[in-house]
Amino acid sequence: MKKAIPENLRVFLSLLFLVLKLWIIIHFIYQGQTSFIYQNF
Amino acid sequence: MIHDDVQTIFRTIFRNPNLVITDDMDADDVEAWDSLSHINMIVEVERHFGISFRNSEIARLQCVGDLKALIQKKKPELA
Amino acid sequence: MPMNIAYLSQHQAIFLNTWHFFIFAVLAVSLLRAFCRGIVKRLIVSVLNLYFLFYFVGDGYSFAVLLGFVVLTYGIGEIRFRWETKLPGWVPFLLTVFCWGFLILAKNPNLVSPVNVFRLYPIRIVGISYMVFRCMHYMLDAAMIEKRRMGTLLNYVVFFPTLLAGPIERYENFQAYYEQDKLLDPESVLPALHRIANGVIKKFLIADTLASLQLCRPDRSAELLWIGMFLQLAILYWDFSGYCDIVIGLSRLFRMKLCENFNKPWLARNVQEFWERWHISLTSLIRDYCFNPISVMIVRRVKPARQFPLIVLAYFFTMMLIAFWHGTTMGFFWFGLIHGTMLVLSQCTKHYILPRLGASARTKWMDGLLWVTFRRVVTYAWISPTLLLWRWGPETTWEMLQTMIGMK
């Protein structure tokens with residue numbers, strides 16, 4: 001069995017990935033009218 | 001008693017003679033358990049124990065434990 | 001059906017990717033985390049629901065109809081709880097028909113126009129299909145629901161995270177959060193934030209960008225149509241499951257655990273499995289309250305030898321219901337017809353062919369990775385094109401198919 005990742009490191013990495021995702025979202029989000037197919041159900 | 005009878009019914013309906021049921025078992029755990037065999041199983045349980053389920057009772061069954069509890073509720077004399 | 005979209009674009013509703021929604025969500029989460037108990041929480045949930053509802057209900061009349069429908073649902077629930085044993089057995093059947101009738105007539109005011117009151121007085125409520133289904137679930141289950149309160153029911157039907165497009169939560173799960181102050185999902189802030197971020201990426205980055213290319217349009221070339229047709233299901237998955245991720249993640253932030261709506265639908269090996277993995281909150285409701293009662297009645301009353309054809313019919317009927325829940329135009333009718341037929345074929349295979357194969361052949365052959373992968377690809381490949389019918393209807397879909405195989 002591999003040694004488990006320390007809790008602190010796990011949280012740190014998780015936060016890092018979250019920031020990365022937010023960066024992607026802020027940079028690439030499509031600003032125009034969205035389709036939102038489901039609203040008419 | 002309920003446990004063993006239910007297990008026998010499960011083995012017949014789901015065509016698996018080695019099936020061992022547990023309380024937290026649900027449809028994801030048994031290969032042949034789909035919407036149709038579910039109905040067959042329910043009606044077989046009804047026949048075997050001489051009880052009848054209401055539709056809202058059937059809708060609430062999440063796992064084998066729920067089914068056993070419901071049978072127990074309908075047939076309190078069975079231990 | 002496009003009525004709601006046209007209406008929304010005039011009205012500037014809160015979309016999930018606007019600052020308006022972002023501020024609303026931050027406010028909602030902070031308030032519900034700070035006041036997570038008792039009457040204060042209930043008051044906050046009610047106010048948030050009302051605020052959100054205001055943007056998605058067209059006018060006072062529509063609001064009144066909605067309110068009336070929920071009050072009626074509550075009343076029926078009380079009657080059923082008190083006099084369950086005295087009521088005749090066809091009452092649940094009647095209630096199911098009533099809800100479906102209301103939904104289908106309200107969604108399409110032009111249907112049976114001479115007697116359809118919604119032709120003269122159309123209601124404009126986004127998410128009406130979800131609301132009516134929550135009410136149907138409550139009416140049918142009321143005899144088993146211990147704690148029934150009008151306020152809880154009202155807030156359940158219009159609960160703001162699930163208002164627009166589900167998931168269709170069961171009443172008691174909402175009640176456990178709303179009335180009993182249960183923290184259904186303790187300590188999961190970071191996973192919840194990830195879930196929301198994933199949802200935003202799936203919905204607004206991937207799905208909307210791909211959808212904006214409009215590959216599936218009657219005026220497109222055959223090549224683009226081929227690509228677009230097979231991309232449709234993926235786009236729809238990213239769109240809808242992304243939306244669900246945002247909603248589920250958001251609810252988790254105030255420690256409410258909503259039910260999951262998708263279970264890796266691309267792993268489905270046939271149409272039946274697909275509908276067990278896709279939009280689960282809807283299909284499980286239709287299974288519990290439409291398919292199960294019918295098939296239980298068949299299995300109880302009909303001789304085993306004659307059961308199968310009737311059960312197959314019940315499957316077909318259920319598939320038509322799922323199609324009509326989505327919409328009432330001809331496109332949805334054909335969609336139901338195709339999916340229903342495939343469902344019938346897959347049941348016949350299970351019933352007639354599989355038992356003859358023998359257990360060893362089944363495990364060796366049917367469950368082999370190659371064969372399973374093949375079935376998964378085929379399932380995806382025929383379901384994706386059927387989505388053309390939703391948007392374009394049968395005639396245009398037929399023309400597009402002709403373009404694709406070079407007949408036009």
Side-chain angles (χ1 to χ4, degrees), chain B residues 5-21 24-76, chain C residues 80-81 84-85 87 89 91-93 95-96 137-145 170-172 263 270 272-273 275-277 283-302 304 307-308 311-312 314-315 318 343 346-347 350-351 354-355 359 362-363 366-367:
Chain B
D5 288 9
V6 169
Q7 179 153 294
T8 314
I9 293 170
F10 269 54
R11 286 178 173 179
T12 327
I13 299 281
F14 301 131
R15 294 202 194 100
N16 182 353
N18 305 317
L19 195 67
V20 177
I21 59 169
D24 57 355
M25 184 185 244
D26 62 20
D28 294 337
D29 305 321
V30 183
E31 176 61 30
W33 192 343
D34 68 353
S35 40
L36 177 54
S37 53
H38 180 71
I39 301 299
N40 284 321
M41 183 269 290
I42 294 284
V43 176
E44 190 51 41
V45 167
E46 286 184 336
R47 275 186 199 140
H48 181 85
F49 291 98
I51 50 182
S52 123
F53 299 132
R54 274 188 296 192
N55 185 52
S56 41
E57 288 170 331
I58 301 173
R60 270 146 196 274
L61 298 175
Q62 301 278 342
C63 57
V64 174
D66 292 350
L67 178 68
K68 279 160 64 183
L70 187 61
I71 299 169
Q72 183 77 69
K73 205 181 111 196
K74 299 252 168 184
K75 281 253 169 175
Chain C
R80 289 207 61 202
F81 186 80
E84 174 60 11
T85 46
L87 291 172
V91 168
F93 173 75
L95 291 173
T96 315
H137 152 63
Y138 182 88
M139 283 182 203
L140 292 173
D141 253 19
M144 311 266 304
I145 297 174
R170 302 281 167 125
Y171 177 77
E172 271 143 328
N263 177 19
N270 55 47
Q272 183 180 358
E273 206 186 335
W275 286 104
E276 282 164 12
R277 289 169 176 274
T283 52
S284 71
L285 241 141
I286 294 185
R287 183 197 64 212
D288 287 351
Y289 298 113
C290 301
F291 175 77
N292 280 2
I294 298 173
S295 46
V296 164
M297 202 166 68
I298 295 169
V299 177
R300 270 185 198 153
R301 296 193 184 173
V302 181
Q307 278 172 13
F308 188 69
I311 291 278
V312 160
Y315 269 111
T318 309
L343 193 56
S346 117
Q347 279 302 322
K350 255 190 194 172
H351 189 76
L354 284 192
R362 268 210 303 275
T363 44
M366 294 300 287
D367 301 338

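Below, read A as the first sequence line, B as the second, and so on, with proteins coming before strands; counting in each chain starts at 1.
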field: Option in B:Ala59, B:Ser52, B:Ala27 with maximal non-hydrogen atom pairs under 4.5 Å from chain C
entry: B:Ala59

Rounded distance (nearest 0.5 Å) linking atom [atom1] of [X] with atom [atom2] of [Y]:
| X | Y | atom1 | atom2 | value |
| --- | --- | --- | --- | --- |
| B:Ile39 | C:Arg300 | CD1 | CZ | 9.5 Å |
| B:Leu36 | C:Gln307 | CG | CD | 8.5 Å |
| C:Ile311 | B:Asn40 | CD1 | CG | 6.5 Å |

message: Given heavy-atom pairs under 4.5 angstrom as the criterion, report whether the side chain, backbone, both or neither of B:Glu57 touches chain C.
response: both

message: At a 4.5 Å cut-off on heavy atoms, which part of C:Glu273 comes close to chain B: side chain, backbone, both, or neither?
response: neither

- request: Check whether C:Pro293 gets within reach of chain B through its side chain, its backbone, both or neither, counting any heavy atom under 4.5 Å.
  value: both

message: Can you confirm whether B:Asn55 sits close enough to C:Asn292 that some side-chain heavy atom of one is under 4.5 Å from a side-chain heavy atom of the other?
response: yes

- request: Please tell me if the side chains of C:Lys350 and B:Asp34 come closer than 4.5 Å, counting only heavy atoms from C-beta onward.
  value: yes

Name the option with the most non-hydrogen atom pairs under 4.5 Å to chain B; the candidates are [options].
| options | answer |
| --- | --- |
| C:Ala142, C:Ser295, C:Pro304, C:Ala314 | C:Ser295 |
| C:His137, C:Glu172, C:Glu276 | C:Glu172 |
| C:Gln272, C:Gln347, C:Arg170 | C:Gln272 |

- prompt: In terms of side-chain geometry, is the basic nitrogen of C:Asp141 or B:Arg60 positioned less than 4.0 Å from the acidic oxygen of its partner?
  reply: yes

query: Is the CZ atom of C:Phe308 crowded by more than 12 outside heavy atoms at less than 6.0 Å?
result: yes

- prompt: Can you check side-chain hydrogen bond (donor to acceptor under 3.5 Å, both in side chains) on C:Tyr315 and B:Ser35, steps first, answer last?
  reply: CA-CA 10 Å; C:Tyr315 269 111; B:Ser35 40; 2.7 Å; yes

